[in-house]
Every structure is written in C-alpha cells, then in structure tokens.
Enquirer: 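Please read through the structure below; I'll follow up with questions.
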Amino acid sequence: QRAKSEHAFVSFYRHGMDEQHLRQLTILEQLQQACDGNELKLLLQPKIDCQTGKTIGAEALLRWHSQVLGFVGPDEFIPLAEQSGLIKQLTRWVCETALEIIQSLTLRDGAFSLSVNLSAVDLLSDEILRLFDDLKQLQSDIHQYLILEVTESAIVTDPEAAISRLNWLRERGFRVSIDDYGTGYSSLAQMRNLPVNELKIDRAFVQPLANSVVDQSIVRSTIQLAHELNLSVVAEGVEDESSWRLLQQQGCDVLQGFYFSKPIAVAEFKQRLEDEANEN
Ligand code: C2E
Ligand code: MG
Ligand code: MG
Ligand code: MG
C-alpha cells in the first residue's frame with residue numbers, strides 16, 4: 001500500500017516537474033556513473049600550423065555516449081557537471097587519458113602539443129594541483145606536451161584564486177591558453193597581467209572572416225597586440241580556405257576548424273600524422 005502511494009507521488013512529481021529539469025536530473029544521475037570513464041571518450045581536433053598547413057597537435061574534446069540517454073553533447077553536460085562538482089572527476093579522466101594518448105603517439109616531435117580544457121571550477125580548487133602533480137609523477141616532462149585551455153570567465157569568477165593556481169601550473173612548465181577569447185569581458189590590457197602563453201580567438205570572429213571587414217579588423221588587431229605581448233595566437237572555427245589565407249597574411253600562428261578537420265577518433269588522428277609524415 002505504502003509503496004504504491006510513494007510510486008504515485010514520484011510519478012506525480014515527475015509529471016509536475018518541467019521536462020528540462022527532469023532531463024538535467026537524469027543527466028547528473030547518469031554522469032555520476034559515467035565518471036569512471038566507461039561511457040566517455042576523447043576526440044582529437046587537429047591543430048594546424050597556419051603557415052605550413054601541417055598538423056602540430058590537437059585539442060582533446062570530451063564525448064559522452066550514455067547507455068540511457070544516448071549521445072549527450074558537452075555544451076549540455078559540462079555546465080551541469082560544473083554546477084555539481086562532478087567536473088573535477090571528469091577533468092581528471094580527461095587529463096589522464098590525454099597523457100596516455102601522448103605516450104602512445106610514436107610520431108610526435110618536440111613541437112607536438114595536446115590541449116585540454118579546464119573549467120572555472122577546476123581553478124577554484126586545489127584538486128587541480130594534485131592532478132598535475134600526479135601527471136608529473138607519471139611522466140616528468142608531460143608539461144612539454146600539454147596546453148591547458150581556460151576561458152576568460154573562469155578567471156573572472158575569482159581572479160586571485162585562479163591566477164595563483166595558473167601561476168603554480170606555469171611554474172611547473174605547463175602552458176596556459178585563453179579559450180574563446182573575445183566573448184568575455186576582459187580586455188587585452190587585462191590579459192597582460194595573466195600568466196598565459198596563448199590566446200584562442202573565438203570562432204564567432206573567425207567563422208565570418210571571409211565576408212566581414214569588421215571581423216577582419218578585430219582579428220588583425222588582436223593578433224598584433226597578442227604578439228606584442230609575446231602570446232601565440234590560435235584561431236578556432238576556420239571553415240574555408242579564404243579565412244585561412246587571411247589569417248596567414250595576418251600572421252596567425254595556429255588554426256583549428258572544420259576546413260582542416262572535425263574532431264576525430266584517436267586512431268584516425270594517428271593515421272593523419274602518419275600520412276603527413278609520409279608526404280615528405
Ligand atoms: P571549445 O573548447 O571552445 O572547443 C571548440 C568547439 O568548437 C568544439 O565543440 C569543436 O568541435 C567546435 N569546432 C571546432 N572547429 C569548428 C568549426 O570550424 N566550426 C564550428 N561550427 N565548430 C567548430 P565541442 O566538442 O562540442 O565542445 C564544445 C565546448 O564544450 C568546448 O568549447 C568546451 O568549452 C567544452 N568542452 C569539451 N570538452 C571538454 C572537456 O574535456 N572539459 C571541459 N571543461 N570542457 C569541455
Ligand atoms: Mg577549448
Ligand atoms: Mg574555444
Ligand atoms: Mg567554446
């Protein structure tokens with residue numbers, strides 16, 4: 001009798017709850033179980049040398065295929081993972097998997113780098129320091145191969161706390177990149193005080209490049225200023241050849257975008273490196 005009424009309550013509650021809230025709860029519930037890595041994988045999106053067109057590394061992008069929910073995109077589950085704190089476990093899985101990928105690449109040279117995305121929550125906790133200490137224990141020169149991408153908003157939440165952890169990471173040799181640059185509120189003048197090595201121009205400015213004189217000006221001046229601050233510049237969202245040529249003229253360093261490649265499986269990425277090596 002009791003079980004029955006509880007069931008009725010649950011079912012009432014579930015129907016009374018709006019659909020989106022229910023989906024979020026289910027995602028959190030399922031993601032908790034996915035954190036051990038079973039349903040997760042990393043895809044790699046090639047990073048391209050702007051001048052030569054050659055692959056010089058990749059960005060690791062998280063994918064989750066849930067038994068229950070099917071494919072769920074990072075734009076949906078990452079924000080929920082951040083709110084719930086699960087992101088710290090996800091970040092650990094991503095970084096440890098990235099290390100394994102780096103170790104398994106036979107064709108990488110000294111210039112090769114793999115970028116991983118850190119979230120604001122990661123920068124607000126000392127867990128991140130333990131994680132990168134652990135990675136160094138596993139491979140003492142891992143800092144030469146990893147680039148840590150953080151967004152402007154990750155720093156804005158609590159600049160002092162974020163900057164001190166970024167400094168800690170930099171002291172250990174890791175490179176830091178500002179992701180989605182131009183969509184936050186910080187100016188390049190503020191950037192100057194951040195312990196970063198690289199700036200990634202958001203695809204909002206890069207996608208329309210070929211047809212927008214205004215975006216061309218924004219990108220050109222961003223590249224110039226970044227270079228004056230000794231920052232390397234990556235353009236994300238390069239979708240056509242004319243954007244590539246414009247970025248080349250403007251002296252951009254590294255490109256990412258569907259024109260070169262979508263995010264691909266690790267095996268496919270390795271094949272790509274091999275094919276390029278055989279071209280010479
Ligand atoms: P992001 O770090 O800015 O990653 C770039 C996103 O742009 C990726 O989407 C990529 O597939 C997409 N992209 C790349 N080139 C092009 C292009 O030419 N055109 C278009 N339209 N899109 C392009 P994805 O993989 O869906 O990831 C979305 C966001 O989710 C990422 O943005 C990042 O903020 C977050 N994310 C993904 N993986 C992780 C992760 O492991 N940890 C954390 N904290 N966040 C992650
Ligand atoms: Mg990124
Ligand atoms: Mg980005
Ligand atoms: Mg983004």
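When a ligand or atom number is given, it counts from 1 through the structure's own listing order.
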Enquirer: What is the name of the N/O/S atom of D179 that is nearest to the Mg ion (ligand 2)?
Expert: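 The D179 atom nearest to the Mg ion (ligand 2), restricting to N, O or S, is OD2.
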Enquirer: Are any of the N/O atoms on L62, whether in the backbone or the side chain, positioned under 3.5 angstrom from an N/O atom of ligand 1?
Expert: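 The answer is yes, given that L62 and ligand 1 share an N or O pair closer than 3.5 Å.
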Enquirer: What part of N117 sits under 4.0 Å from ligand 1 if we count only heavy atoms: the side chain, the backbone, both or neither?
Expert: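 Both backbone and side chain.
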Enquirer: Check whether any N or O atom of F258, backbone or side chain, sits under 3.5 Å from an N or O atom of ligand 1, and answer yes or no.
Expert: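 F258 vs ligand 1: N/O contact under 3.5 Å present.
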Enquirer: Between Q45, R63, E149, flag the one that comes closest to atom 24 (P) of ligand 1 by a heavy atom.
Expert: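 Checking each option, the heavy atom nearest atom 24 (P) of ligand 1 is found in R63.
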Enquirer: Determine, using heavy atoms of G237 and all atoms of ligand 1, whether some pair is separated by less than 4.0 Å.
Expert: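 It does; at least one heavy atom falls under 4.0 Å.
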Enquirer: How about K200 and Y181: do any of their side-chain heavy atoms sit closer than 4.5 Å?
Expert: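 Not in contact.
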Enquirer: Can you confirm whether I56 sits close enough to S113 that some side-chain heavy atom of one is under 4.5 Å from a side-chain heavy atom of the other?
Expert: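 Of all side-chain heavy-atom pairs linking S113 with I56, none is under 4.5 Å.
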Enquirer: Can you tell me how the ring of H65 sits relative to the ring of F71, calling it parallel under 30°, perpendicular over 60° and tilted otherwise?
Expert: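 Rings of H65 and F71: tilted, as their planes differ by 30° to 60°.
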Enquirer: Could you list which atoms of ligand 1 come closer than 4.0 Å to a heavy atom of E236?
Expert: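 What qualifies from ligand 1 is 3 (O).
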Enquirer: Can you list the ligand 1 atoms lying under 4.0 Å from a non-hydrogen atom of G257?
Expert: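 This gives 15 (N), 18 (O) as the contact atoms.
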Enquirer: Would you call R23 and E19 a salt bridge, using N to O less than 4.0 angstrom?
Expert: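 Answer for the salt bridge query: no.
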Enquirer: Restricting to N, O or S atoms of E149, which is nearest to the Mg ion (ligand 2)?
Expert: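 Checking each N, O and S atom of E149, the shortest distance to the Mg ion (ligand 2) belongs to OE1.
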Enquirer: Which one of D75, V121, L43 has a non-hydrogen atom at the shortest distance from atom 28 (C) of ligand 1?
Expert: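 Answer by nearest heavy atom: D75.
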Enquirer: Distance under 4.0 Å to a non-hydrogen atom of Q207: what atoms of ligand 1 satisfy this?
Expert: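 This gives 19 (N), 20 (C), 21 (N) as the contact atoms.
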Enquirer: Could you see which bit of D180 sits under 4.0 Å from ligand 1, with heavy atoms only: side chain, backbone, both or neither?
Expert: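 It is the side chain that touches ligand 1; the backbone stays farther off.
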Enquirer: Counting heavy atoms only, which of A235, P263, A98 comes nearest to atom 11 (O) of ligand 1?
Expert: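 Closest candidate by heavy-atom distance is P263.
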Enquirer: Under 4.0 Å, heavy atoms only, figure out whether ligand 1 is touched by the backbone of Q256, its side chain, both or neither.
Expert: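 Looking at Q256 and ligand 1, no heavy atom falls under 4.0 Å.
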Enquirer: Are the side chains of Q33 and N38 in touch, meaning some heavy atoms are under 4.5 Å apart?
Expert: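 No, too far: nothing below the 4.5 Å cut-off.
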Enquirer: Do D179 and ligand 1 have an N or O pair less than 3.5 Å apart?
Expert: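 Yes; at least one N/O pair falls below 3.5 Å.
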Enquirer: Show me which atoms of ligand 1 lie under 4.0 Å from any heavy atom of V238.
Expert: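 Atoms satisfying the 4.0 Å criterion: 18 (O).
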Enquirer: Could you pull out the atom name of the N/O/S atom in E59 that is nearest the Mg ion (ligand 2)?
Expert: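 Distance check against the Mg ion (ligand 2) picks out OE2 in E59.
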Enquirer: Under 2.8 Å from the Mg ion (ligand 2), is there any N, O or S atom belonging to N117?
Expert: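 True for N117.
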Enquirer: Using the side chain to side chain donor-acceptor pair (under 3.5 Å) definition, which of the options R203, Q45, E236 pairs with Q256?
Expert: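 Considering R203, Q45, E236, a side chain to side chain donor-acceptor pair (under 3.5 Å) with Q256 is found only for Q45.
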Enquirer: Identify, by name, the N, O or S atom of D180 lying closest to the Mg ion (ligand 3).
Expert: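 Atom name of the closest N, O or S in D180: OD1.
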Enquirer: Below a 4.0 angstrom heavy-atom separation, can you tell me which part of E59, side chain or backbone, both or neither, approaches ligand 1?
Expert: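 For E59, the contact with ligand 1 is made by the side chain alone.
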Enquirer: Show the nearest heavy-atom pair for residues G182 and E152, with the distance to one decimal.
Expert: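 Looks like N-OE2, 3.1 Å.
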Enquirer: Answer with yes or no whether the hydrophobic clustering places L124 together with V94; edges join I, L, V, M, F, W, Y residues whose side-chain heavy atoms lie under 4.5 Å apart.
Expert: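 In one cluster: no.
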Enquirer: Could you check whether E268 pairs with K262 (Lys NZ or Arg NE/NH1/NH2 to Asp/Glu carboxylate O, under 4.0 Å)?
Expert: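 No, no charged N to carboxylate O under 4.0 Å.
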Enquirer: Taking the N/O/S atoms of E236 one by one, which is nearest to the Mg ion (ligand 3)?
Expert: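 This turns out to be OE1.
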Enquirer: Indicate whether the side chain of E59 and that of N117 have a donor and an acceptor atom separated by less than 3.5 Å.
Expert: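 The criterion, which ignores hydrogens and geometry beyond distance, is satisfied for N117 and E59.
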Enquirer: Side chains of E274 and N278: any donor to acceptor distance under 3.5 Å?
Expert: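 No pair is found: no donor N or O on one side chain lies under 3.5 Å from an acceptor on the other.
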Enquirer: Do the rings of W244 and F260 sit parallel, tilted or perpendicular, given the 30° and 60° boundaries?
Expert: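 Ring orientation of W244 relative to F260: perpendicular.
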